[in-house]
Q: 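Just passing along the structure, written as structure tokens.
Chain naming here is simple, since letters A, B, ... match the order of the sequence lines and numbering starts at 1 in each.
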Amino acid sequence: MELKLYNSLTRQKQLFEPIDPKRVTMYACGPTVYNYVHIGNARPAVVFDTVYRVLKSLYPNVIYARNITDIDDKIINKSIELSQDINVITEKYSEAYFDDMQALNTLTPDHIPYATDHIPEMIDMVQTLVDKGHAYAADSQVEAEKGHVLFSVPSMPNYGELSKRNLDEQEAGARVEVAGYKQYAGDFVLWKPSTDSEPGWNSPWGRGRPGWHLECSAMIKKHLGDTIDIHAGGHDLVFPHHENEIAQSSCANDGKTLANFWMHNGFINIDGEKMSKSLGNFRLVNDLLQQYPGEVLRYVILSAHYRSEQNFSKDLLDSAWRTLDSLYGFIRGVKSVEAQLNRSGDAFKALLDDINTPVAISELYRLAKAVNQASGDKQTALMKELKGVADVLGLLQQDPEQWFTQARSDDQLSAEQVEQLIEARQQAKQDKDYAKADQVRQQLLDGGVILEDSREGTQWRRS
RNA sequence: GGCGCUGUAGCAAAGUGGUAAUGCAGUGGACUGCAACUCCGCCAUCGUCGGUUCGAUUCCGACCAGCGCCUCCA
């Protein structure tokens, strides 16, 4: 019963050993709430939710925190663009985020810290860093540049450990012009000044707001501690975000390690291309949920290993939906039972091996088939096991009957209409009027309803 | 230039030094009034070229083709 996780820090799979088995801590970077989240934002949420579920099945007390970044230049820009108060925007989109996450069957984290609720902690951390010589207030003659506090990268000998970067070999300013007030090109902002029209908080360096990297460091320290077990996020966050978090936290906490394990999920592309504003190919979770059940999205995300890149397409979603239909089909009609996780089963073993969800899903299928073939106590036992696996994956959480009969789009026949038509077809069949029976079945099919006859009667499902 | 990733059947996706899970699609058959569901079966030599080895898709090297990050970014 050993959990192995790939650790980005060491770049290899390692045995997971928590600092304190009675209090396992995990942090994942959450969204910046200035828009609806896209499917790429959903991947880490779903993946690390699954990690959370696996951990919960192994340890009695797992504390999972996923933040909300509610102060950021992107939000400020959106606020200006829409002439709306910043709080209106952050509230709207954080609510939308929670709705999306719920649709994806993610569990609510134990802590959902908001950046703006932790300004004092952030200021404290900046002050500590300044006091210890790891940060400095920028010196500039330009009025608008005053009030910046920067982290001094050269003050930290092993900066770059996570991303394995040697700063001297980076192309300084390759994409962004280096600000003149920086002592060193790699230095990054801890605190930046706000104009009167921008949101800001008073600090020893004047009215301003925190830098993005600082937020996570301060919130982790407050809610989870100086050193946590797992820190997770998207692959693109390795540098600079996570590297900078390490720098801040480690230097502020007397050199303590920020996180023992770093987990990073791969990117989601759309039809082979990266999601980007210029391509206009964002797939918002909110939009996808209009067309697909949340479980279909979750299934798609879990059908690939979390570290690999994944290509999203309509075919993939449609195929996933058919697969889930198939799984639900196997367990339809089986009485519901309490889940019972089989810890020595192959599915759980796969999850313990760096969260191998594709293999766990294939086991789900094997169990579903077995359930379908078995009967009596044997079937009940298999069904318990199946539910156990499904619960860790966060799949098959709906009642099968409901899964098949809920409306899938607007112009469908109602359940009552379907039942009536089935009745009519049944009568026609009894009358041996097969032409009529087939005609009714075709009518249902045209309405998106597929019939399944059996000895016990006729079941139906939406296609 | 630095760091790193990927290339497995029509699509998706695991995996292993001893000729490759699983799902979708397709297809042959059983079942069915006909279908659907279900069941039985079929459907790949793992980018290319070398090397190591008794044996490589799996290890090493080269090459080809994609791709990510290098201070907006899940």
Q: For atom P, what is the distance between B:rC42 and B:rA21, given to the nearest Å?
A: 12 Å

Q: Indicate, with yes or no, if the rings of A:His148 and A:Tyr181 have centres closer together than 6.0 Å.
A: yes

Q: What is the distance, rounded to the nearest whole Å, between atom NE2 of A:His242 and atom C1' of B:rC70?
A: 16 Å

Q: Could you tell me which nucleotide pairs with B:rU19 by Watson-Crick or G-U wobble geometry, both distances under 3.5 Å, or answer none if nothing does?
A: none

Q: Let me know the distance between CG of A:Leu104 and C1' of B:rA74, rounded to the nearest Å.
A: 13 Å

Q: With both distances under 3.5 angstrom, what nucleotide forms a Watson-Crick or G-U wobble pair with B:rU45?
A: none

Q: Is there a side-chain hydrogen bond (donor to acceptor under 3.5 Å, both in side chains) between A:Gln398 and A:Gln406? Walk through the geometry before answering.
A: CA-CA 11 Å; A:Gln398 280 193 44; A:Gln406 66 193 316; 3.2 Å; yes

Q: Please write out each protein N/O paired with an N/O of nucleotides 36-41 of chain B under 3.5 Å, distance rounded to 0.1 Å.
A:
from	atom 1	to	atom 2	distance (Å)
B:rA36	O2'	A:Leu451	O	3.4
B:rA36	N1	A:Asp453	O	3.0
B:rU38	O3'	A:Asn372	OD1	3.4

Q: Taking any strand in view, what nucleotide pairs with B:rA36 in a Watson-Crick or G-U wobble way, both distances under 3.5 Å?
A: none

Q: Any strand is fair game: report the nucleotide pairing with B:rG4 by Watson-Crick or G-U wobble, both distances under 3.5 Å, or none.
A: B:rC67

Q: Using whole Å, report how far CZ of A:Arg441 lies from C1' of B:rU32.
A: 10 Å

Q: Considering only the P atoms, how many Å lie between B:rG4 and B:rA9, rounded to the nearest integer?
A: 28 Å

Q: Write down the distance between CD (A:Glu363) and P (B:rA14), rounded to a whole number of angstrom.
A: 15 Å

Q: Atom NZ of A:Lys13 to atom C1' of B:rU16: distance rounded to whole Å?
A: 12 Å

Q: Counting heavy atoms from C-beta on, name the nucleotide in B:rC72, B:rA21, B:rU71 closest to the side chain of A:Lys74.
A: B:rC72

Q: Looking across every strand, which nucleic acid part, if any, lies under 4.0 Å from A:Ile361 by heavy atom: base, sugar-phosphate, or nothing?
A: nothing

Q: Less than 4.5 Å apart, side chain to side chain, heavy atoms only: is that true for A:Asp354 and A:Lys4?
A: no

Q: Quick one: is B:rA25 close enough that its OP1 or OP2 comes under 4.0 Å of any side-chain N or O from A:Arg322?
A: yes

Q: How far does the C1' atom of B:rG33 sit from the matching atom of B:rC40, given to the nearest Å?
A: 23 Å

Q: B:rG15, OP1 or OP2 - any side-chain N/O from A:Asn356 closer than 4.0 Å?
A: yes

Q: Which nucleotide in the list B:rA74, B:rC69, B:rA35 gets nearest to the side chain of A:Phe239?
A: B:rC69

Q: Within a strict 4.5 Å, meaning less than it, do heavy atoms of the A:Lys314 and A:Asp271 side chains meet?
A: no

Q: By the 4.0 Å heavy-atom rule, please label A:Lys274 as base, sugar-phosphate, or nothing.
A: base

Q: Under 4.0 Å, heavy atoms only, any strand: does A:Arg11 hit a base, just the sugar-phosphate, or nothing?
A: sugar-phosphate

Q: Please tell me if the side chains of A:Arg425 and A:Leu421 come closer than 4.5 Å, counting only heavy atoms from C-beta onward.
A: no

Q: Looking for any heavy atom pair under 4.0 Å, which part of the strands does A:His305 touch: base, sugar-phosphate only, or nothing?
A: sugar-phosphate

Q: Verify the contact: side-chain N or O of A:Ser308 to OP1 or OP2 of B:rA14, cut-off strictly under 4.0 Å; return yes or no.
A: yes

Q: Does A:Asp399 reach the main-chain N or O of A:Gln402 with its side chain, forming a donor-acceptor pair under 3.5 Å?
A: yes

Q: By side chain to side chain contact (heavy atoms under 4.5 Å, CB included), which residues pair with A:Thr380, not counting sequence neighbours?
A: A:Lys335, A:Val337, A:Lys384

Q: For A:Phe267 and B:rG68, do the ring centres fall under 5.5 Å apart while the planes stay under 30° apart?
A: no

Q: Please report the distance separating the P of B:rA65 from the corresponding atom of B:rU48, rounded so that it comes out in whole Å.
A: 15 Å

Q: Write down the distance between CD1 (A:Ile270) and P (B:rA12), rounded to a whole number of angstrom.
A: 14 Å

Q: Is the closest side-chain heavy-atom distance between A:His305 and A:Thr357 below 4.5 Å?
A: no

